[in-house]
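Only heavy atoms go into these numbers, but all of them, side chains included; no hydrogens, no water, no symmetry mates. Since we're looking at a predicted model, the values are computed, not measured. All residue numbers in this chain count up from 1 along the given sequence.
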Amino acid sequence: WHFQIGMQMLGACKNEELNKILFVVVDQLNRGKIRIKEAKQKIEVAMLNCRAGEKAKSSGMFHAAALYLEEGLSLLGETNWSDQYQLWHRLHTAFAEVEF
């Protein structure tokens, strides 16, 4: 259910609205990540985790940022690093920054 709730919330809001509820949407998607079957959806959720991680980091919420970024890395996996290099690099760089 969590994944469906997250996807409905994501589909129902515009980009500027998403920024206001980004953490709620990403939390729902992460709780339901077992339902993600397609690689395209994994990449989309990994991007949202990256965005949430960067937002948390800029707000000084380093522990939360690390959790989002780590979740994004786990969704992306090691096999997608060449196909999604920019996202992979953003996630790894931001994760290293918050862990330092």
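Contact detail for V26 and L48: the closest heavy-atom pair is CG2-O, 3.7 Å. Residues L87 and C50 approach most closely at CD1-CB, 3.8 Å, considering heavy atoms. Looking at every heavy atom in both residues, A52 comes nearest to F23 through O-CE2, 3.4 Å. Closest approach of L69 to F95, counting heavy atoms only: CD1-N, 3.6 Å. Residues V98 and A65 share a closest heavy-atom pair of CG1-CB, 3.8 Å.
Residues D27 and Y68 meet the side-chain proximity criterion, which asks for heavy atoms closer than 4.5 Å.
Remark: the backbone N or O of K14 is paired with a side-chain donor or acceptor of E17 at under 3.5 angstrom. For the pair K55 (side chain) and N19 (backbone), a donor-acceptor distance under 3.5 Å is present.
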R35 vs H2, side-chain contact (heavy atoms from CB on, under 4.5 Å): CA-CA, chis, key distance, verdict: CA-CA 9 Å; R35 299 272 185 220; H2 290 287; over 6 Å; no
Stepwise side-chain contact (heavy atoms from CB on, under 4.5 Å) check, I34 with F3: CA-CA 8 Å; I34 196 164; F3 186 73; over 6 Å; no
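Annotation: the span from L76 atom CG to Q84 atom CD amounts to 6.5 Å, rounded to 0.5 Å. In this structure, I21 CD1 and L10 CG are separated by 8.5 Å, a value rounded to the nearest 0.5 Å. Distance CG/L29 to CD1/I36: 7.0 Å, rounded to 0.5 Å. To the nearest 0.5 Å, atoms CG (L75) and CG (N49) are separated by 6.0 Å. With rounding to the nearest 0.5 angstrom, the NE2 atom of H92 is 12.5 Å from the CD atom of E99.
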